[in-house]
Structure formats: structure tokens, C-alpha cells
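Side chains included, hydrogens not; waters and symmetry mates left out as well; all remaining heavy atoms used. Labels below follow one simple rule: chain letters A, B, ... track the order of the sequence lines, proteins then strands, and each chain is numbered from 1.
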There are 2 protein chains.
Amino acid sequence: MVRNIRDIAKSAGVSVSTVSKVINNYPNVSAKTKERVMRVVQEEQFVPNSTARGLVKGSTQTLGLFLTTGLSHPFFVQLLAGLEGPLKESGYDLIYLAQIDWNPDYSLVRHCRSRNVDGVLIFGFQRNDLNFKEMLQSEIPTVFIDLDLLGVRAGYITSDNMDSIKQSVHYLTGLKHRKIAFVAGYLDSYVGKLRFEGYRQGIQEADLPYRSEYIYFGDFTRDSGYLAMKQFLQSPEPPTAVICSSDMSAAGVMEAVAESGLSVPEDVSVIGFDDIEISRYMQPPLTTVRQDFKTIGRQAIQQLDQMIRTPQVAPPMLVVPTEFIIRGSCGICGENQ
Amino acid sequence: MVRNIRDIAKSAGVSVSTVSKVINNYPNVSAKTKERVMRVVQEEQFVPNSTARGLVKGSTQTLGLFLTTGLSHPFFVQLLAGLEGPLKESGYDLIYLAQIDWNPDYSLVRHCRSRNVDGVLIFGFQRNDLNFKEMLQSEIPTVFIDLDLLGVRAGYITSDNMDSIKQSVHYLTGLKHRKIAFVAGYLDSYVGKLRFEGYRQGIQEADLPYRSEYIYFGDFTRDSGYLAMKQFLQSPEPPTAVICSSDMSAAGVMEAVAESGLSVPEDVSVIGFDDIEISRYMQPPLTTVRQDFKTIGRQAIQQLDQMIRTPQVAPPMLVVPTEFIIRGSCGICGENQ
DNA sequence: TTGTAAGCGTTATCAT
DNA sequence: ATGATAACGCTTACAA
């Protein structure tokens, strides 16, 4: 069985450097030799050892993927699905940098260097992670997703969180709602903060008062949505609509509504964020903000690829538009008809 | 900035081989030298280049992950989540072998060889994929998940599909059901076939007739569940209970039931398979078979690790027990009380 | 116990 | 257009 380029060279009756030139599609190789070499390569099903190639080239056609959220985050799948195609097209493989225990000695930068990855994709919330600081100062091409971090060679891609929520508010005011509550996500997360800001601005633009009893500070989970609605329901003037920072928390809100004998959308309108798979199947189907993970994934790989190939290219700062998906969880406000 | 082992050697005033011995924890190094080297290593935050190491050792501390299903499969997340911890503990990184277009020229074995992965994890359905044949004959340690493929150095791990469904049948007969329908998954998939077989045997053991109008051949999706139930409902004697090959199809079944004005579990009992995250939130919460992905993931890594370290170890053939989760979607059969 | 030097399989430089 | 040969950073006999 053929092991290396040398064997190919021998079989083809040429030198190793010629074989190298052929398999790398370099010029200055006669058509004849090229063909002869290629035949042997085909016959022997030869693939150059990427480890050796990586060693000499100092790069590996590999992208590191680092998640702060753990793999079970619902976005993650969608994001990864969006990554699949572009990955294939660009010829990179993805290496999942296993990282679960936040060992204080762990250094993402070192991990990347040891693996010789060409670039890194980071997906997560916590912007003040020490590992990120190090990453931002390093020369390793990096793209953050859902985290507005910028560095020498690090940029980001994120959905248009603020405007999306503003749009949700306007949609509800258009439906004559004036008592609009908000289930916030982690405020120290980038997306959590922006979505909250979107709510505040939306409320303000609609000349609605900011009422603290209409705000619940949750953590994107279903439970926090449930708890939020329970609390809203106890207010003297319960809201007629609630905007959530995630579809999961919207599900929790709907559960609490049902439990109290009220119904969606007759008594209270609900809007989510994300458009995860199950949202269309909720009862009623959830009106929500869809994140465009296809575009996010494609852009992430594309931008990374450019930064890798062209060192002087500026890191991206991309805001990807969302899509407002109207389904059945919102109705015209009964009180103000 | 320190680049390599040679710089460390210089700083510590020793030879490169001594540094190598120290960082690899080899014996025959005096405590004094060891300490001196380690100090420099710490100071410089040195990490040996794994590409170079991989080249000389012919292995990379890397496991390939290959999915036939694409990333969007709901199990995938759960499986990957189960992989995270064991991965970290065993020191492997996971390389996702991007593979979306089934290019006939593509060879998984070649891809693995080129990347020098130490082992491969394959997750999928289609057992007659040509790439797998090649894989089975190769010397690359391989563990299949949900696919009963065996090779020279390839084994598998799977849930106890057949018995689980048999148990579902018995649970329903215990609830006096006698008209039990089944929504099958792809029959040319390993799990689809086994679950169907479990249904047949369960029916037989309960002395129930096998009625073809109670079988629907679906594909694990929600839509197929919906269609299945629509069909069952048109039969002269609609079933009082239905067992599904997946939670997703169970969700479809429940939707169809609700749509026809009937209700779960009063009119028809429903059982799923998988226990995906949303099942507990369905209306009513779904009774289902929980796959133990933690164990599957842990075993997969562990078995792979053993095969890698000990060439003579036999490939695993592991069947992992499931857990029957009783929630609210089954009731005593009204007809036979 | 420590050091020297020969690989590992490529690519890249420089002759030819 | 083709071929020697020196890297790339590490491990590992073998020598000292």
C-alpha cells in the first residue's frame, strides 16, 4: 500500500518535488508528466498526509470551533447546520475544541496554536471571559458569533437583535396593545442586553410608559418564561402582550397563561425570538423572530477564510437581518378595540 | 515569543531530547533538570506543536466524527452533548469530517488517513453505504452508533431498540389495549427495522393479531406521524393506542388526534421513542422510551480509546438499556374496561 | 542521566 | 521542466 509521496514518485518515475507540484496544481509541469503522475495518484488512491503538509506550511486547513454554551444549546445545531455547506465548499475541516471544565489554566490560544488551526469560530455569551481577551490580542483569525468582540484579527457576526425586538413592539402596538411586558435574557450577555435595549427603545418610540413590573429578568430558559408570566399575572394590571428573548421562554409563558385559565392569543399575545424548530408546532403556533443561521454560518466561514488568506483584511462586524414570522400567537388587543 | 522545543532547550540549558522527555513525562530525567525545564515551559506558556508530534508518531490524539444524517438530526445534539465530557477526559479533540454532498469519489477512509485521525465515530442510518464497507475493512478503529456494523477494527453501540418497543407494547396491553398501531421508521435503517421487529414480537407475545392497516411506514418525521394517524383514523376499527418510532412522529400523531376532535390519552394512547427535550412539554406530556445518550457517548469514546491503545482488543458490540418514561399520554383503554 | 542525530511526509528553494 | 535538498517541530534510537 502506498504510504507517501516518495512511493508515488518512484512509481511514476519522477522526483518527489514533481509529484508535489502536480498534486498542488503548480505551473511549470509538462502536461505529460502531470498526467502520468495523476494516473498513479488515482490508481493508488493516494492522499497527501495533511499532518506533514500542515507542519511545513504552518497551517492545516482546519478551523477551530469553540463553544462557551456547551453543545446542548438549541442554536448550536442550527448554526452548525448552517456551517456544513460552506465548510465543505471552502475545504476546511472543523475541529471541536473540547472544553467543558473551565480550568483556569486552560488557554484557548495555546490550544489553537498546538493544533495549528487556521482560524477560530467562537460561539457564546459571556464576553468577559479571560480566554477571549487573550484571543483578541492574538494574531489568530477569529470570528465571534452572537458576541460583539473586536480584536486585531477578530471580528463578529450577529443577528440584528435590537431592531428585531423593536419591530416586535411595533407589531404589537399596531395590534393596539399598550400593556406590553418583556422577558429579558441574561443582561450580561450581548444578545440579552441588546434585546432588552430594543424593548426599551420600542416602548419609548411608541410613547408607552416604561413599567418595571412588566419586566422580568430571566435567562432564556423555558422556566424563566413560566416564572415571568406568573409574576406578570399578579400585577394589578396584567399585560395584554409579552415579548420574549427566546422561543423557549415564550413556551414557558404560554404554559403559564394556559395554566391560569387564560388563552393565547385571545387574552394575551406572545412573541418569541429565534424560531427554533418546535415553534411552529406550539399551540398556538408561535409568532417570532427568525434568526438567519444559514447566512450567519456562510458569512462566518467566508469571513474567516478571507482573513486567513489575506492578512490585511479587516475583521468583520456584521449584523445579519432577521425575519419576522407571523403565526398565531398574537391578536388584536381586546381592551382597546 | 517561543516557537518550539529548541528554544525551550536553549533557555533551560539542556538538549531538545531532554525537553521532549520532560514534557512527555518520561523516566530517566533527574528531578533537578525536570524542574528547570518545567519552569521554562510554564514561563513561556509553551505547548508542543501537535502537528509535528502527529507526524512523527503517526497519530494525532484526534477522533473523526462522521454523520450520515446531517447535523440537524435531533439525536445528534444529545449524542454530542454526551460526548463532551468523555472527550475532555480522554484528551482527544473531535474533528468533524464535513461531508454533505455524497460525492461518489469521496472516501471516508482516505479522509481519515489524510487527517491521521486515531479513530472514527460514525453516526447514522444507512448501513449499505459504500464508504462504510471500505471503513470496515480498514485498520482504523471505528465505532458505529445506531448501526450494527462490524469489521476488523469496527464495532458498534446502540440502544436496545427491539426490547424497548416490546416493552411499550406490553405496557399498553397492561392498560387493556388490544388495537395497537405502529408508526415505523425507515425500514432499511437499523433502528427502524429493529423497532418494527420489536412491535411485531410484542404483538405476537400478547396474542394480538398482526393487522397491516395498523402499520404505517414512515421516516421518523413529524409529518409521517401526522399522516399515519390520519390513515389509522380512517380504518373501520381505529386503534386505541399507537406506538411511534420517534418522539417527532408521536408529536405528529398527537396533532392529528387533536385535529379530529379526539383527545390523548382519553381516546387514544400514544408512546414515543427517544425522549427528546420537548417531549415533556407536549400536551399531554409524552410517555416514551428514553435513550441513554450519556452512556452511549461515554462508551463510544471509551471503546474507541481502548481499540486505539490496544490493537488486539475486540471491537465492541454494545447494547445500552433504555428507560421507559411514563408521563401522561397513555390511559386505560375505554373499550375494554 | 544527558546529548546527538536520524527520521516522520510534506513543501519550497535553488540548481540543473 | 525537473530534481536535489533543506527545512517544518517533534520523537526516539543510540551514543556518550
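- Closest to the side chain of A/Thr18, out of D/dG3, D/dC8, C/dG3, is D/dG3.
- The side chain of A/Pro48 lies closest to C/dT10, out of C/dG9, D/dT12, C/dT10.
- Spacing between atom CZ of A/Arg6 and atom C1' of C/dC8 amounts to 9 Å, rounded to whole angstrom units.
- Remark: A/Ser15 is not in phosphate contact with D/dA4, judged by side-chain N or O atoms under 4.0 Å from OP1 or OP2.
- For A/Leu55, the listed nucleotide lying nearest its side chain is D/dC8; candidates were D/dC8, D/dG3, D/dT12.
- Counting to the nearest Å, the P atom of C/dT10 and the CG atom of A/Asn4 are 5 Å from each other.
- Rounded to an integer number of Å, the gap from CD of B/Glu35 to C1' of C/dT1 is 17 Å.
- Going from atom CG of A/Asn49 over to atom P of C/dT10 covers 5 Å, rounded to whole Å.
- The side chain of B/Tyr26 sits closest to D/dT12 out of D/dC10, D/dT12, C/dC8.
- Look at B/Arg39 and B/Glu43 and you find a salt bridge, because one of the NZ, NE, NH1 or NH2 atoms lies within 4.0 Å of a carboxylate O, short of that distance.
- Taking only side-chain nitrogens and oxygens, A/Thr33 comes nearer than 4.0 Å to OP1 or OP2 of D/dT2.
- Side-chain atoms of A/Ser17 come within donor-acceptor range of the base of D/dG3, with a qualifying N/O pair under 3.5 Å.
- The residue A/Asn28 sits close to a base: some heavy atom pair falls under 4.0 Å.
- Closest to the side chain of A/Val56, from the set C/dT11, D/dT11, C/dA12, is C/dT11.
- Using a 4.0 Å cut-off between charged side-chain N and carboxylate O, B/Glu89 and B/Arg298 make no salt bridge.
- One can place NZ of B/Lys10 at 12 Å from P of D/dG9, the figure rounded to the nearest angstrom.
- Comparing atom distances between the A/Val29 side chain and each of D/dT2, D/dG9, C/dT10 picks out D/dT2 as nearest.
- Summarising the geometry, the separation between NZ on A/Lys21 and P on D/dA4 is reported as 11 Å, rounded to the nearest angstrom.
- When each of B/Ala52 and B/Val16 is assigned the nucleotide of DNA chain C bearing its nearest heavy atom, the one mapping closer to the 5' terminus is B/Val16.
- With salt bridges taken as basic N to acidic carboxylate O contacts below 4.0 Å, one links B/Asp93 and A/Arg115.
- In this structure, CZ of A/Arg115 is placed 17 Å from P of D/dG9, rounded to the nearest angstrom.
- Regarding B/Arg53, its CZ atom lies at a distance of 15 Å from the P atom of D/dG9, rounded to whole Å.
- With distances taken from any side-chain atom of A/Ser30 to the nucleotides D/dT2, C/dT2, C/dT10, the minimum falls on D/dT2.
- With a 6.0 Å radius and a threshold of 12 heavy atoms from other residues, nucleotides or ligands, B/Glu35 has its CD atom at or below the threshold.
- For the pair B/Leu79/B/Ile145, a side-chain contact is recorded, criterion being any heavy-atom separation below 4.5 Å from C-beta on.
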